Enquirer: 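Dumping the structure here so I can ask a few things about it.
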Amino acid sequence: MNSKIITSNGPILEISKLSIGYEKKPILKDLSFKAFKGEVLCVMGSNGSGKSTLLKTLSHLIDPLSGSIKIKGKKIESFSPLDFAKEVSVLLTERPSLGSMKVKEVLSLGRFPYTSFWGSMSLADESIIDDIIDLLKIRNLINKTYDTLSDGQKQKVLLGRTLAQDTPIIILDEPTSFLDIPRKVEFLENLKFLAKEKNKMIILSSHDWDLALKASHSLLFIGKDGKFKKGFPEDFYFNKEFKGFLIKEDFKISNQISRGSTFQAGGLNIKLNIENQFEKELIFKALEKRKSLLQKVKSSFIISKEVNSPFLIQGTNTPSTKLSEISKVIEHLSAF
Amino acid sequence: MIKDVSKNKILLFLTMILSLITLSIFVLLKGPIPLNLGDPLTIDVLKEIRIPKVLTAILAGASLATSGLLMQTFFQNPLAGPFVLGIQSGSSLGVALWVLGLKWLPWSAIEKYPIFERLGLTFSSMLGCLSVLLLLMFLSFRISGKLILLILGLVFSYISSGLINIMSLLAKANELKSFFLWSQGSFHRVSFDDLSIFMSISIIGLLLSLLLSKPLNIMLLGDRYAQSSGVSIRKIKFLLIFLTAILSGLVTSFCGPVAFLGVLVPHLARKIFQTGDHKVLLPSVMILGSIIALFSEALSSLTDPISLPLNAILGVMGFPALIIFLLKNKKQQEEDL
């Protein structure tokens with residue numbers, strides 16, 4: 001597993017001083033961040049905050065007002081359309097009407113940048129489509145006419161088309177909007193699989209905090225006034241920065257088996273001494289998401305936290321430290 | 001049901017080609033002058049009238065249906081057809097200027113020359129088409145929105161029909177009749193001498209359309225998805241408008257504004273073949289277009305001694321047939337689910 005959050009390989013996506021919007025009316029100004037392979041970045045914010053515009057700008061469908069977007073160190077303007085299509089694939093919120101097109105045909109459209117002049121599929125193309133059919137569990141749909149599917153099924157098929165493009169960067173605009181709870185859980189699993197096993201960099205926009213906390217490594221929050229903040233999704237929770245938007249006391253994490261209080265990865269052993277069950281779950285998840293980074297550490301720690309107070313990290317041979325954010329905790333631990 | 005359809009694609013194509021051949025033979029044999037082998041008149045009739053008529057119907061049907069499919073995919077609109085870009089309106093205006101406006105136009109003198117007497121209609125129609133084509137090319141470079149193109153086409157057709165109405169008020173009865181006859185469409189107007197021009201342009205246009213089947217498929221998802229799949233929207237837009245204008249402009253110039261065919265046939269093809277794949281749709285639309293054109297021609301030759309105008313047949317037969325077909329097919333689809 002070479003899923004890295006802070007990696008020596010350099011970022012796959014690099015955004016600097018980006019201003020976006022339509023015409024001369026900027027929606028977001030001076031946005032800079034980097035993203036790495038295996039990272040899931042969730043973009044959140046209220047309606048009209050510019051999430052969709054940002055994703056379209058990153059997909060090169062809209063030109064930025066200023067600033068630069070680089071993929072693998074190369075400015076996106078310097079890619080040919082076909083080469084760009086091999087780096088970035090996108091799922092949009094628009095729902096095309098596809099007439100009598102079959103689901104299989106829609107999925108095959110994802111192979112467009114790779115197929116021959118006539119668009120005929122090679123065996124390799126077929127097997128990629130086949131893998132996606134299994135991953136999304138849509139084998140029962142492949143011979144159906146796309147237009148006769150339900151909204152949720154259509155969403156899955158369009159996602160399948162995007163994945164069929166098989167690009168290192170995947171951009172998904174509101175991918176869970178038409179999905180019911182079981183489908184959403186399934187989607188989360190797919191997301192984890194793509195990031196971890198296939199080493200994809202995934203950017204998605206969502207209104208769903210559950211999704212942000214469970215599956216994404218980083219969160220870009222866009223406020224109404226064009227202010228934005230990027231960080232670990234867990235820290236948004238602990239800092240109570242977006243109260244009202246986020247936290248209800250009965251916040252539930254679905255499908256969880258209660259586990260012990262010990263996190264283990266490689267030579268690392270952490271005992272979680274946390275009173276609130278939800279917070280404990282959250283910290284456990286946060287550690288698990290960055291497992292690849294932490295498993296190099298050979299040491300034991302105790303992390304304690306009371307509600308509304310910072311994390312206390314005690315190592316066997318190190319002085320105890322108080323830290324207020326999960327991102328800092330992980331940074332602290334990975335330094336050993 | 002649907003799985004069977006995909007297996008039977010070849011069978012369907014064979015059936016269509018067989019009916020095309022049968023209809024061609026029928027139209028070749030049927031007509032006011034009975035054929036008699038060994039009679040020199042028969043050879044002349046075949047060469048000068050029947051063969052050009054059959055070939056014109058086949059190619060005109062294929063061209064109109066193809067440009068209809070191109071436009072429906074391009075605009076993502078099931079009601080689009082060859083007329084949406086205003087090509088047929090431009091053509092009508094050109095012909096109206098020629099037929100109805102001769103008396104107060106200075107170039108009426110050229111009417112005396114025999115070449116213009118024969119080709120005047122075609123020529124003026126072509127000029128009308130070409131001016132709309134040039135205007136469209138210019139606009140497509142400056143305007144990015146498709147909807148605006150659609151609206152402009154509509155506005156242009158209103159303007160031209162307004163102008164034609166004004167001209168008809170000032171025209172004489174015989175001029176009106178010849179304009180009316182032109183506007184009804186006919187496959188009889190391409191003579192043996194003009195056939196080579198008509199054939200070569202339409203065949204080139206049809207072949208070029210076939211080459212676009214891969215980008216056309218991705219265009220079904222909409223501009224944004226097409227762009228993110230690596231299609232240059234600017235280029236494909238230019239190509240599609242150009243091809244549609246050439247194909248429908250050519251047919252309208254020679255045969256008049258043939259109605260409905262371009263809108264109807266793509267729907268029939270999609271229903272019959274149950275696919276959105278242009279690799280299948282383009283050839284099937286071409287053959288189906290030819291079949292329907294020949295069928296209408298056959299019907300009009302059955303009503304001897306008067307031959308019914310083409311647009312009257314297409315209008316009276318075409319739409320009810322499509323509606324019945326669509327309703328029947330919808331029921332079947334629901335049963336499949």
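Since the structure is predicted, the reported quantities are computational estimates derived from the model, not experimental observations. Excluded from the calculations below are hydrogen atoms, water molecules and symmetry mates; all remaining heavy atoms, backbone and side chain alike, are included. Every chain is numbered from 1, with letters handed out A, B, ... down the list of sequences.
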Enquirer: Could you tell me which portion of A:Thr167 (side chain, backbone, both or neither) has an atom closer than 4.5 angstrom to a non-hydrogen atom of chain B?
Expert: neither

Enquirer: In the structure I gave you, are the side-chain heavy atoms of B:Leu211 and A:Phe117 within less than 4.5 Å of one another anywhere?
Expert: yes

Enquirer: Does a sphere of radius 6.0 Å around CG in A:Leu123 hold more than 12 heavy atoms from other residues, nucleotides or ligands, not counting ones at 6.0 Å or beyond?
Expert: no

Enquirer: Do you know the tightest heavy-atom contact between A:Leu109 and B:Ile218?
Expert: O-CD1, 3.5 Å

Enquirer: Donor-acceptor pair, B:Gln274 side chain versus A:Lys102 backbone, under 3.5 Å?
Expert: no

Enquirer: Does some side-chain heavy atom of B:Arg270 sit less than 4.5 Å from a side-chain heavy atom of A:Met101?
Expert: no

Enquirer: Between A:Gly119, A:Gly110, A:Ser80, A:Ser59, which shows the greatest number of heavy-atom pairs under 4.5 Å with chain B?
Expert: A:Gly119

Enquirer: Would you say B:Tyr225's side chain and A:Thr162's backbone share a donor-acceptor pair under 3.5 angstrom?
Expert: no

Enquirer: Inspect the surroundings of CZ in B:Arg234 and state if more than 12 heavy atoms from other residues, nucleotides or ligands are less than 6.0 Å away.
Expert: no

Enquirer: Check whether A:Ile171 gets within reach of chain B through its side chain, its backbone, both or neither, counting any heavy atom under 4.5 Å.
Expert: neither

Enquirer: Indicate the atoms forming the closest heavy-atom contact of B:Leu221 with A:Pro96, along with that distance.
Expert: O-CB, 3.5 Å

Enquirer: Do A:Glu105 and B:Thr275 touch side chain to side chain, with heavy atoms closer than 4.5 Å?
Expert: yes

Enquirer: Quick one: are B:Ser229 and A:Arg161 in side-chain contact, heavy atoms under 4.5 Å?
Expert: yes

Enquirer: Are B:Gln227 and A:His60 close enough that some pair of their side-chain heavy atoms sits under 4.5 Å apart?
Expert: no

Enquirer: At their closest point, which heavy atom of A:Leu98 faces which heavy atom of B:Leu220, and how far apart are they?
Expert: CD2-O, 3.3 Å

Enquirer: Which atoms of A:Tyr146 come close to chain B, meaning under 4.5 Å heavy atom to heavy atom: side chain ones, backbone ones, both, or neither?
Expert: neither

Enquirer: Any cation-pi pair here, B:Lys214 with A:Phe112, using under 6.0 Å and within 45°?
Expert: yes

Enquirer: Please confirm whether the backbone N or O of B:Gly230 pairs with a side-chain atom of A:Lys86, one donor and one acceptor, at under 3.5 Å?
Expert: no

Enquirer: So which part of A:Ser97 gets closer than 4.5 Å to some heavy atom of chain B, the side chain, the backbone, both or neither?
Expert: backbone

Enquirer: Check each atom of B:Ile233 against the heavy atoms of chain A and say whether the ones under 4.5 Å are side chain, backbone, both or neither.
Expert: neither

